[in-house]
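Chain letters run A, B, ... following the sequence lines, proteins first, then strands; residues in each count from 1.
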Amino acid sequence: MKYNPWQIEEKWQRKWEEDGVFRVTEDRTKPKYYCLEMFPYPSGRIHMGHVRNYTIGDVISRYKMMRGYNVLHPMGWDAFGLPAENAAIQQGEHPARWTYSNIEYMRKQLKRMGFSYDWTREIATCAPEYYKWEQKFFIEMFRKGLAYRKKALLNWCPTCQTVLANEQVEAGKCWRCDSDVTTKEMEQWFLKITEYAEELLDFTYRMEGWPEKVLIMQRNWIGKSTGAEIDFPLEGSDEKIRVFTTRPDTVFGATFMSIAPEHPLTLELARRFGKEEEVKKFVDRVLLQDRFYRTSEEAEKEGVFTGAYCINPFTGRRMPIFAANFVLYEYGTGAVMAVPAHDQRDFEFARKYGLPIIVVIQPEGEELHPESMERAYEDPGVMVQSGEFTGLPSEEGKEAIIRYLEEKGWGKRSVNYRLRDWGISRQRYWGAPIPVVYCEKCGTVPVPEEELPVLLPEVEEINPEGGSPLAKIEEFVNTSCPDCGGKARRETDTMDTFVESSWYFLRYCSPHCETGPFDRESIDYWMPVDQYIGGIEHAVLHLLYSRFFVKVLRDLGYVSIDEPFDNLLTQGMVIKDGAKMSKSKGNVVDPEHLIQKYGADTARLFTLFAAPPEKDLDWSDQGVEGASRFINRMFNLVARYREMVRGVPPSTGKDEGEGLAREIRHWTHRTIKRVTREIDTRFHFNTAIAAAMEFVNFLSKLQIPDGESERVTPALKEAFRSLILLMTPFIPHVCEELWEMIGEEGYASLQPWPEFYEELAASEKFLLVVQINGKVRSRLEMDADAGEEEVKEAVLADRRVKEYVGGKEIKKWVYVPKKLVSIVVS
RNA sequence: GCGAGAGUGGCGGAAUUGGCAGACGCACUGGACUUAGGAUCCAGCGGGCAACCGUGAGGGUUCAAGUCCCUCCUCUCGCACCA
């Protein structure tokens, strides 16, 4: 009898499917567990990253199932996206055909891995039954003002003639044609994620099941800063310029003002003061620079005087107003009060243009002088040269200044976020149409609900020149206004694919629901996701958008949860030869070859054994051999004892038995304990597998003396049953086969997880380590129930101990029960 | 620059609360079986002849430090003119 993975795997995959072993319903007699892995983009074939991600999720799902949970473990396809469109351009294949044939192929590959998905719940986001509901959400968001249209500066690729999402711009270049990306102002649809900035931030402090790293990244991305807005009157006018600052305590040191080149006031002021020509030259030049250069640190700070002055309300100082390249129009008010002594950018700017520097914060224990300063002092200190505020510690000063401002009506307390609203318009074909029409009379009108979905029209070919493909389809564009019936044009942009992935986990709960996006009861039963697993690359985008979406759906009355994912596991990358697997590096291992050569169980076992899930996994062909070898050894071991244990009832209860049987039972229970703890407390599958390997090593060495076999077989049966069940989540196919081989009924996958008795797991002897003056000098085997007196007697009687202690005085005696003795002698 | 994480044999990686450093696996060495072995099984495997020395470097706390404290070095990741 030889281990034949292909035959075994085919057999059990077929049986699981025939018997619907992994199909789930809302069974209220069991606790629920929703285990989810980030769904793949159907790019063509699965890669090692998928294998790792989905294997981790599968172990967790199968383990929880055996622990008695009702487990939802679904799979689907993030099916809209650019690669489909590119394939269409390059190969002339329709994006839908290309996508669906990829899905067919990848589904087969995933099934071949033996993952425990409930395939009846499979979804593809490009299906009208899916995006229909997304369009409905969009309309509801539009009605609540959470989806709106505005002009915005977008990344524009002049070669491809299209807008690029931020993630499609790599180091200032177009990801597809490598030309320099510029900006262009266009009408865009936005989702108002900033409305939820505070809540999104707030919850990061309560999400205990998420890695701290991800939470920190999200907090940084949201980028909350608190401070004040202050009005600076324009000299010779009633107008005011409003700035945002986080350092109101430094306002006495503000000596000039910087405003963004694209700020409408910039050219307006220049015109008024006869500086139009040179300011416009500067503005044009800066706006031509790409944003990546302009916002990088290397970019030199430069600016131009607009000719205008404003007045510092606190000091009465005339502050020249500069247009400066480093001021961002989109952040705060697009204008900044410049405090050169206490802000590095302003410092550099002031030095360059010879502007005054006034120190208003003194650090403790040193005195700053503007002439001798080499850089700005940005830390807290004591306020100086600040009128009635002089002498206040700067932190208190912030509060005092804000109160003063508000009293005087010069400004107010203010909070700013770095987070911007989410631009979702894409000039793409292969995406969900934005369900809006533009009527000459009624303006922007959402498509009525009963007309949803706005179907993506068939298209002959996609223009490689780019631009919105939908805009070229007359029958699609030309429509009538739902309100007045007059002539209207459809929106031709489609939605960012991140919109689809922001709610797919909800759809899985009732994937075939026709009356709504999902069935409320199923959502209330399954959500939130108990364990979410995926790559760290989505730490901000997908994970933040999903959080936002759930909060919006909550406020629209669809769900009653605040957060979608209770626990998050970010798995490490798959590395080979010191680099991430990638086509360009040529270090890709195709999972399909692996399966062909070793079978799915080996592929699974290796990815689990090589590293804990959250760490990077170093690929090693020899390591795969090792995994394969282990499965063979386990198979041969069970095969050898198969006849002996068939039909024998396993040992149960806490009676240890005697001799060999007792040793076997001790090993069995110890192993159950170790494997369970490693999986349960921290998902460290590598050490769980190591424990099982040790158990196999032990069992392989067993020599059963003639005549003893009767007494030993129940213990052996228990051992094999346990071993097989412990390994089932990791290598399910071979475990099903072995389960059958030892004569057990039903599916191993459906058995309850083995239990252990603490009494049996504990050993009856322990090895006592004896240290003398901090060095290990002896080891003694002791009975587990030996008390300190007994231990002391045994230690002092030990030959090696006597050698070191001799007649010397024992100055210290430390006893750690069941572990060690530490003796200090002079 | 700021933030987070990590440095342990030839390699991947183990070491509850400070308590035998190197589990388990790979590679390697020797042996057995064999026509053969790149299959399988058995044994060995941090360094050093040894006393001893060994967890990035140097200090410290402790009977005892990979683990705690201080200083420093290296690497990885994230953010980086956000006022």
Side-chain angles (χ1 to χ4, degrees), chain A residues 211-221 223-225 227 243-247 250 254 258 260 294-301 324-328 330-339 342-346 348-349 378 416-420 536-537 539-540 572-573 575 605-606 609-612 614-627 629-630 632-633 636 674 677-678 681-682 684 686-697 700-701 767-779 811-825:
Chain A
E212 193 59 22
K213 181 188 168 79
V214 174
L215 296 174
I216 288 170
M217 283 167 74
Q218 293 209 351
R219 282 177 210 143
N220 289 343
W221 186 265
K224 179 180 182 177
S225 38
V243 302
F244 171 73
T245 179
T246 55
R247 294 294 303 271
T250 64
S258 310
R294 210 182 124 195
T295 57
S296 74
E297 215 165 356
E298 308 95 72
E300 197 182 336
K301 284 150 200 51
N325 64 342
F326 62 88
V327 180
L328 305 172
E330 312 88 60
Y331 186 78
T333 61
V336 216
M337 68 176 201
V339 184
H342 306 293
D343 181 286
Q344 186 57 23
R345 292 157 302 181
D346 298 341
E348 288 171 34
F349 198 88
E378 296 180 322
N416 251 287
Y417 300 91
R418 210 184 71 114
L419 183 71
R420 307 285 151 77
I536 186 83
E537 65 272 20
V540 176
M573 290 185 303
I575 303 285
L605 189 68
F606 174 71
F609 182 62
E614 67 278 7
K615 286 182 107 184
D616 285 348
L617 184 156
D618 224 6
W619 190 264
S620 144
D621 292 332
Q622 285 102 336
V624 179
E625 292 278 351
R629 208 140 51 201
F630 169 72
N632 266 289
R633 294 205 316 125
N636 294 335
R674 285 174 71 191
R677 197 184 47 200
E678 293 299 320
T681 58
R682 47 178 202 173
H684 274 202
N686 55 333
T687 47
I689 293 165
M693 285 173 166
E694 285 182 58
F695 191 31
V696 168
N697 290 344
S700 302
K701 277 181 203 147
L767 197 67
L768 180 81
V769 172
V770 183
Q771 295 183 351
I772 296 164
N773 288 344
K775 294 210 161 71
V776 177
R777 294 301 184 191
S778 187
R779 295 179 177 89
K811 287 167 75 176
K812 188 153 191 169
W813 166 272
V814 180
Y815 175 55
V816 182
K818 301 203 173 168
K819 280 210 176 101
L820 90 148
V821 162
S822 187
I823 300 169
V824 183
V825 295

ask   = Reckon A:Asn632 has a side-chain N or O less than 4.0 Å from the OP1 or OP2 of B:rA39?
value = no

ask   = If the P atom of B:rA6 is compared with that of B:rC70, how far apart are they to the nearest Å?
value = 16 Å

request  = For A:Val814, report the nucleic acid contact type (base, sugar-phosphate, nothing); a contact means any heavy atom under 4.0 Å.
outcome  = base

request  = Classify the side chain of A:Gln622 and the base of B:rG25 as holding, or not holding, a donor-acceptor pair under 3.5 Å.
outcome  = no

request  = Take the protein atom CE of A:Met217 and the nucleotide atom C1' of B:rC79, then report the distance between them rounded to whole Å.
outcome  = 9 Å

message = With side chain to side chain donor-acceptor pair (under 3.5 Å) as the criterion, how do A:Asn697 and A:Arg633 come out once you've worked through the C-alpha distance, each side chain's angles and the decisive distance to 0.1 Å?
response = CA-CA 9 Å; A:Asn697 290 344; A:Arg633 294 205 316 125; 2.3 Å; yes

remark   = Pairs under 3.5 Å (Watson-Crick or G-U), crossing ones as [ ], inter-strand ones as |: RNA chain B comes out as (((((((..(((......[....))).(((((.......))))).((....))..(((((..]....))))))))))))....

query = How many angstroms lie between atom CZ of A:Arg682 and atom CZ of A:Arg677, to the nearest 0.5 angstrom?
reply = 8.0 Å

inquiry  = Could you check B:rG9 for me: syn (within 90° of 0) or anti?
reply    = syn

task = Would you state whether a donor and an acceptor, one from the side chain of A:Lys819 and one from the base of B:rU16, lie under 3.5 Å apart?
result = no

key: Separation of the P atoms in B:rC72 and B:rG25, to the nearest angstrom   = 42 Å

note = Heavy-atom closest pair (A:Met337 atom, A:Thr250 atom, distance to 0.1 Å) is CE-OG1, 3.7 Å

inquiry  = Please report the distance separating the C1' of B:rG18 from the corresponding atom of B:rU74, rounded so that it comes out in whole Å.
reply    = 27 Å

task = Give one of base, sugar-phosphate or nothing for A:Gly626, where a contact means two heavy atoms less than 4.0 Å apart.
result = sugar-phosphate

task = Pick the C1' atom in B:rC81 and in B:rU61, then give their distance to the nearest Å.
result = 44 Å

query = Looking at side-chain heavy atoms only, is the closest gap between A:Phe349 and A:Asn325 below 4.5 Å?
reply = no

ask   = Can you name the closest pair of heavy atoms from A:Leu617 and A:Ala610 and give their distance?
value = CG-CB, 4.0 Å

inquiry  = Looking at B:rG3, I'd like to know if its phosphate oxygens (OP1 or OP2) sit under 4.0 Å from a side-chain N or O belonging to A:Arg219.
reply    = no

ask   = Any side-chain N or O of A:Arg777 less than 4.0 Å from the OP1 or OP2 oxygen of B:rC52?
value = yes

Hey, what are the protein-to-nucleotides 6-13 of chain B N/O distances that come in under 3.5 Å?
| unit_1 | atom_1 | unit_2 | atom_2 | d |
| --- | --- | --- | --- | --- |
| B:rG12 | O2' | A:Ala610 | O | 2.9 |
| B:rG13 | O3' | A:Asn686 | ND2 | 3.3 |

inquiry  = Any salt bridge linking A:Arg345 with A:Glu378? Criterion: basic side-chain nitrogen under 4.0 Å from a carboxylate oxygen.
reply    = no

task = Please determine if a side-chain N or O atom of A:Lys812 lies less than 4.0 Å away from the OP1 or OP2 oxygen of B:rC63.
result = yes

request  = Using the P atom on both, measure B:rU67 against B:rU8 and round to a whole Å.
outcome  = 14 Å

note = Scanning both residues in full, the closest heavy-atom pair of A:Val336 with A:Phe244 reads CG1-O, 4.4 Å

query = Are the side chains of A:Glu330 and A:Arg418 in touch, meaning some heavy atoms are under 4.5 Å apart?
reply = no

request  = Could you check whether A:Asn636 gets within reach of a base, just the sugar-phosphate, or nothing at all, counting any heavy atom under 4.0 Å?
outcome  = nothing

key: Proximity to the side chain of A:Arg345 - top-ranked nucleotide from B:rA83, B:rA15, B:rA80   = B:rA83

query = Does a side-chain N or O from A:Arg629 land closer than 4.0 Å to OP1 or OP2 of B:rC26, or not?
reply = yes

task = Rounded to the nearest angstrom, tell me the gap between atom NZ in A:Lys224 and atom P in B:rG3.
result = 20 Å

task = With heavy atoms under 4.0 Å as the rule, sort A:Arg420 into base, sugar-phosphate or nothing.
result = base

message = If I pick the C1' atom on B:rA15 and the same atom on B:rC20, what distance separates them, to the nearest angstrom?
response = 11 Å

message = Does B:rA83 have its OP1 or OP2 closer than 4.0 Å to a side-chain nitrogen or oxygen of A:Ser225?
response = yes

Reported CD1-to-CZ distance for the pair A:Ile689 and A:Phe609, which is rounded to 0.5 angstrom = 7.0 Å

ask   = Hey, is the side chain of A:Arg633 poking within less than 4.0 Å of OP1 or OP2 on B:rU40, counting only N and O atoms?
value = no

request  = Evaluate the side-chain proximity of A:Val825 to A:Asn773: yes if any heavy-atom separation is below 4.5 Å, no if none is.
outcome  = yes

query = Looking only at atom P, what distance separates B:rC24 and B:rG44, rounded to whole Å?
reply = 11 Å

Sugar-phosphate only, base, or nothing, as touched by A:Ser620 at under 4.0 Å among non-hydrogen atoms = nothing

task = Select base, sugar-phosphate, or nothing to describe what A:Glu694 touches, counting heavy atoms under 4.0 Å on all strands.
result = sugar-phosphate

request  = Before giving the answer on side-chain contact (heavy atoms from CB on, under 4.5 Å), spell out for A:Leu820 and A:Val770 the whole-Å C-alpha distance, their side-chain angles and the decisive distance to 0.1 Å.
outcome  = CA-CA 6 Å; A:Leu820 90 148; A:Val770 183; over 6 Å; no

request  = Remember a base hit wins even if backbone is also touched, and classify A:Lys811 as base, sugar-phosphate or nothing at under 4.0 Å, heavy atoms.
outcome  = nothing

query = Using atom C1' of each nucleotide, how far apart are B:rA50 and B:rU17 to the nearest Å?
reply = 38 Å

